[in-house]
Each structure stands twice: as C-alpha cells, then as structure tokens.
Amino acid sequence: RGGLRQGAELPFHSWLHVSIKRSSAMAPKKKAAPKKDEPKAPPKKEEPKAALKKEEPKAALRKEEPKANAAALDAKREEQRGPPKAAPAKTEESTSKAVPEKRRAEEKVGEPPKKETKVADADVLEKEKDAPADKRPVVKEAISFDPIDTTLNVIPTLDGQVLMALSDGGMQYLIAGARGNLGMKAGRYMFEVKIIEALNPAESSAAAGRGRAPAPRQLLRIGFSIAGSSLILGESEDHICFDSEGAFHVSKKKTPAAQRFTRDQVIAVVLNLDPNSPNHNTLSLFRDGKRISEPQQIPENLHGKTLFPHVSFRNVSVQVLFGQQPARALPFKCKPLGAAAQADVSKASAPALKDGKYEVLLPVAFPDEGTFEWLDTFLAKNPHYVELSDRKILDWAASSGLWKAKSTNMSKYSNDKPEFNFGLPAMDDFSIQRVMTTVASVVPRNYVVMEVKSNLIKDDRQRVLESFKSPHFKKVAQVVMGEPTDEFKQMALDKLLEEKQAKADAAWRAKKVEEKRKKDMEEKQKKLAEMRKKADEARKKAAEEAKKKAEDAKKKAEEAKRKAEAKKKAEEAGEEYVEEDEAKEEEVKEEKMEVDADGKDQTKEAKEEEEEEKKEEAEAPKEEEKKEEEEEDEKAADKTEKDESEKEPPADAPAPAPAPDELWPEPNVVKHHDAETVTSDWGKEWPQKRESEGKTKEKICEEYPESPWCKDYLEDREQEKAEEESAEDDDWW
C-alpha cells in the first residue's frame, strides 16, 4: 500500500515541477516571484539516479543482516527521506522494491529493546581486557570431531564444520553430542556456533495422549567437558555449558543465567583460565558480539584439567566456527581456539588400531551371570568402545529427557531385553534399534554388541555379523565364562557395598526428613493451639465485655426508670424532687470533712508521742544510773540479811514474811529472785493460793514490786491494756 501511494505521489511532484518551470518562463520579467524555487529544481532531476544507486547496496545489506536494530533502521529511513520539499523523485519500480524490503527488515527485528538495553549496560561494565600480543607458536592442526567423540546420530559435513543429526526412527527424540579434539589448559579463548537449520519432524498420532515428547523440541547446548566424559553435554559433573533456553548447566544442575538465542545468530562461548584476569576460571556467553550472561564460575573439580569444546543439539543443524578470526567481534579482543598458542592447548590422542581395523566385539556369556557387570569393567578400561544394546538406548533416552512409565510386570524386566514403554511409536516399535544398527555399520569405530541371547545362538550371531561386512571391521567373539578373576570379584563386592551404603544413606535421609517433618508439624500444632487459645480468650473477653455493657445499659435503663417514677411520685405529692446522686455527694463531702478532722487529731497525737519518746531517750541515762545505785543498795542489803541469817534468831522472834516464789511453789523450779531464770509457769497454782489466802496478783505485786516476775507481769498487763485500747480505737473507726 505504501509503494502505490508513493508511486502516485512522485508523478504528481514531477508534473508540479514542470508546470512551475513553464509558468516561470512564460511570465513577464517583472512578475518573476516563482524564480526563487528554480535553484531547487535541478537537484530534483538529478537526485533520483543517485538515490537509486545508493538504495541497492542498502537493500542488499538488509538481506544479509535481516535482524538489525530497529532504531538504526528508523534513523536510516529518516536520512533517506530528507526534508519533505527535497524528496527525490522515484519511479514506481524502485519504490515497490524498496518498501517491501524495509517491511521485511522491520518484521525480522531480533530482541526487544529492553533486552538490548541490558546488553548495552553489560558492555559498559565489561571487565575483560583485550588479549595482549602473543609471539608464541600457534597451533597448526585444525580442530575436528573424531567419530569416537560423537554420538551415533551425529552426521558431520563440510569437513566437520557443520554438524547434523538424524531425525527419523526415534532419533528425533535423542540429543546428539560432539566433542572437539583440541582442549584448553591455560589462557583465554573462545569458539563460536550458529544454528543454520531448525527441524520439526512429524509426530505419529498412534500414541496420542499416552507418550510425551521431550521439550524443547529444538535445543542447543554449548560449553566444555573433559575427555572421556559423557557425550550428552550437561549430564555429568565433568561438564559446564549454556543452552538455548538461557540456562547454565554445572555439576548436573540447571539454573537460569543467560538470555535465549535462536537460529541465524552467532553464539560465542569464552572460557577464561587466565589467573591474571578478574574473571579467572569463568565461562561467558555472547550473542552476535554482545554479552548475554554474567561470567559463571567453573566448579573446583574442573580446575587444572584440560577442557575440550563440546556441543549437544536436537533437531537443529549447527555450524561450528573454529577459525583464526572471530565471526563476530566481541567488546574485547579475544583469540579463537583455532588461533591458540600451542603451549595453552592439548590435542586428544586417538586410540591405536589393531592391524589397522576396528573391532566388533560379541561377548558370549550365560544370562544373569555377571555379564553386564563384566561389560561395565571392560568399558571403563576401554572407553573408545561404543556399546550397542537396549540398555544403552534406555540410558541415552533418559539423558535426553524422555519420560518412561514404570513397568508393572517385573517379569518383563531384564538388562538384555528391557521393556520399552515410552508411549512413542518410534521408540516402542524397535525402530530405533534398526536405525542404530544401520548407522553403526557405516561409521568406523570400535563396537561392543551386547545381546546376551543373540550372541549365544549361532544364527543370530551370523545375522549381526552380516551388518559389519566392511573390510575395516574385525569381528571378535569374547567368551565370558568360568571362574571370575580376583579383580572382578573385588569389583562386585565394591558394587554391592556401594549399593548397600546408598540404601543406608537414603534411609537415613528419609528418617531425618521424617523427623524434621514431625518436628515442624508439632511446632505448627503448638502455634495453632496458642493461636486457638488466644482466639478463645479474646472471644471470652469480648463476650464478657459485651455482657458487662449489656448489664450496664440495663442498670442505667432501670435507674432512669426508677428516677422517673420517683420524680413522678414527688410531683404527685407536691414535694421537691432531689436526685440521689446529689444527696450522695453531700454525704461524701460530710464524711470527708470528718475524716480530715480526725486526721488532724491523729497528727497531733503522733507529734505528742514523738515528744514523749524523745523525753524518754533523754531520761534513759539517768534511769540507768539510778538502777545501778539500786542494785548496789540491794547487794548491800543482801549482805546484811545474810549476816543476820547466819545469826540465830531469838526464840520469841516472829516468822518472816514468805517470798513471792514461796507463795506459788512449782515443781522442779528453783526458788530465786533472779530475773533471767524466773519461771514462766508461776501462775499455774495461783487459783489455789488465791482461795486460801484471798490475795490477787495485783496486790501481791504491790507488796513485792521489785520481784522479777512482778515486773514481767506488770509489763504484760500494760501491753495488754495498750492492745485493748488500740482494738477499741479500731472498732470505733
């Protein structure tokens, strides 16, 4: 639509230009006002050719780079348009070609502006520095992929620069892997890949709803690994890589760490082993020269080891770039792995061939007699052999993310012929076994055909050997029978111990998890009980408050009703109504006045008591002196009495008055006048003495005031009187 609109406008502008020129020539010289536009007319005739010449290389550039930046395209279009008055005259043919090319470029914009902004910010904070000049010898051998380091579904083309994968017979579900033969052990280098084709194989609907194909269908992983490790990148602790979904794989764990990438984008991975770099022992990812991930740390188990470039992919064709120069320049100068120094790299050595031929090994053994255990030990010693068996296919499918339902019939389970229960026709109908056999017969490498039953039967062995008729194969039968070696016995014992330890560890972990679950449950129940208790208390409190409010409201209503009735009665009786609240306030005031008066009296009495105590304290020394004098007098009197007692009294002398202790004789009590040892039971026989002699304690104490027990008795009586008076005061209050 835009092309037609511009094609309609351009003839109109050219016609307007011609008409203005004619009118200016025919008009009189005095009225030559339109001549001001004449200098602009010649460029309009000359510009279309130049514009067309410039337009062609720009369109070609857009075809080469269809995913240019949207802002740059807008700026270029503005430059091409120029001012509205100076727009060049274009033909219909040129505009109709240019506009669709612009629209295609706009439709093929790569990432949204937000992601591009993040990449720009990453460039500003780039810590990597340009690689210094290195005069050391450069590696001369070209990097390639040896057949032993590729999976069976990898098809290398163009001298190993392009890797393709099989996509028929169930191979479309399996991940292909390829490892380069030149590894890094020092320095900082990179290699690049580019997805040049994305495949979408057709799926069979026979098992619709039962099987589940792995996701994503198109996948690329790029990174490094050590020699001899698994060829499925990301499925071993000896791998480190990024994938096209933006995930980072390390130690068999997957975490999001980068932006996604897709086809027609040059992806570079930089491995930094330079100890002087701030990003030492890290792996970084770049897309079209822009950083799309932060430097990711390499695990410690890979430190100091030679790391080889590695790619894994599914349903895509990958171009691997190991050139001398990078296809896309990075924000810093970094050498490709193909231009690395010879001292920083190491080449993987290919296994030597016996008699220049590859071996096809057929183990002959009894079932369930340690056959596959022997195979594991053989492959550990000879990693350059490739296993061909159903067990290997199941392991490969599990590494590729295929889901397999658990078998309900254990009688069908065996290592030799395991049950294929993926729910995918290409996997369950043995198509993948036929494809693997066909591919193995044409790819030269060492194989171990592990078919226990088929290898025991002559006809089946002949059928297998017919597939390997090529002259570069040597067929060998390995008989695995008889008494096992000591090494094999020790290996079997170690394996049993490892399995037992794994079960014990699993049981211990399950026990810990269960204990933690119970503990968490108890804490949760405890918290719930506390919350329930608080809620109940809050509910009870709210109910009590509501009840109290209801009672108060009821009391207020009854009080108001009673007051209204009392007021009504007073009005009927013709009396003045006085509210009870006012009467109560007056009574409270009167009581308060009385209390204040009594308080003043009490304060006065307290002051008098304090003065009396002070006087007693002042008179205490005098009383002590007086007491000492009395004691001296008593001693003198006692001495005089003693002297007189020693004398014999006259016959007619009257009997002496009885002592206080003699008035109340008590058993087991010494008669004396000492205050410290006076008995407290002196009044037990008092009723008898009172009846016989008719004397009270007060009278006796009046006769003998200095007697110790009389003093105690009088003090007790004074204390009792004081307590009675205080009790009377309390009763009065």
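In Q325, the CD atom is not crowded: 12 or fewer heavy atoms of neighbouring residues, nucleotides or ligands sit closer than 6.0 Å. More than 12 heavy-atom neighbours from other residues, nucleotides or ligands sit within 6.0 angstrom of CG on N301. Enclosure of atom CG in D494 by more than 12 non-hydrogen atoms of other residues, nucleotides or ligands within 6.0 angstrom is indicated. Within 6.0 Å of atom NZ in K392, 12 or fewer heavy atoms from other residues, nucleotides or ligands are found, so the atom counts as exposed in its surroundings. More than 12 heavy atoms of other residues, nucleotides or ligands shown are found within 6.0 angstrom of CD on E514.
Side-chain contact, N279 with S277: no donor N or O sits under 3.5 Å from an acceptor N or O. Side-chain contact of S230 with H239: a donor-acceptor pair under 3.5 Å is absent, judged by distance alone. N181 and S144 share a side-chain donor-acceptor pair at under 3.5 Å. Checked by atom type, the side-chain pair R179/S225 shows a donor-acceptor distance below 3.5 Å.
Atom CD1 of I196 sits about 7.5 Å away from atom CE of M164, to the nearest 0.5 Å. Here the straight-line distance linking atom NE2 of H384 with atom CG of L379 works out to 10.0 Å at 0.5 Å rounding.
Under the 30°/60° scheme for interplanar angles, the aromatic rings of F420 and F430 are found to be tilted. Ring pair F473/Y447 is tilted by interplanar angle, where 30° to 60° counts as tilted.
For the pair N315 and P201, the minimum side-chain heavy-atom distance is below 4.5 Å. You'll find the side chain of R291 reaches within 4.5 Å of the side chain of E128, heavy atoms only. Between D460 and E451 the shortest side-chain heavy-atom distance does not fall below 4.5 Å. By the 4.5 Å heavy-atom criterion applied to side chains, E192 and P336 are not counted as neighbours.
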Does the ring pair (Phe, Tyr, Trp, His ring centres under 6.0 Å) test come out yes or no for F191 and F224, once each step is laid out?
CA-CA 10 Å; F191 77 96; F224 289 84; 5.5 Å; yes
Quick one: do Y358 and F468 satisfy ring pair (Phe, Tyr, Trp, His ring centres under 6.0 Å)? Show the steps, please.
CA-CA 10 Å; Y358 295 95; F468 299 93; over 10 Å; no
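For S312 (side chain) and L233 (main-chain N/O), a donor-acceptor pair under 3.5 Å exists by modelled atom type.
For the side-chain contact (heavy atoms from CB on, under 4.5 Å) test with N281, the passing option among H303, E300, Q296 is H303; the others fail.
Look at K347 and D146 and you find no salt bridge, because none of the NZ, NE, NH1 or NH2 atoms lies under 4.0 Å from a carboxylate O. The existence of a salt bridge linking K381 and E487 is confirmed by a sub-4.0 Å separation between a basic side-chain nitrogen and an acidic carboxylate oxygen.
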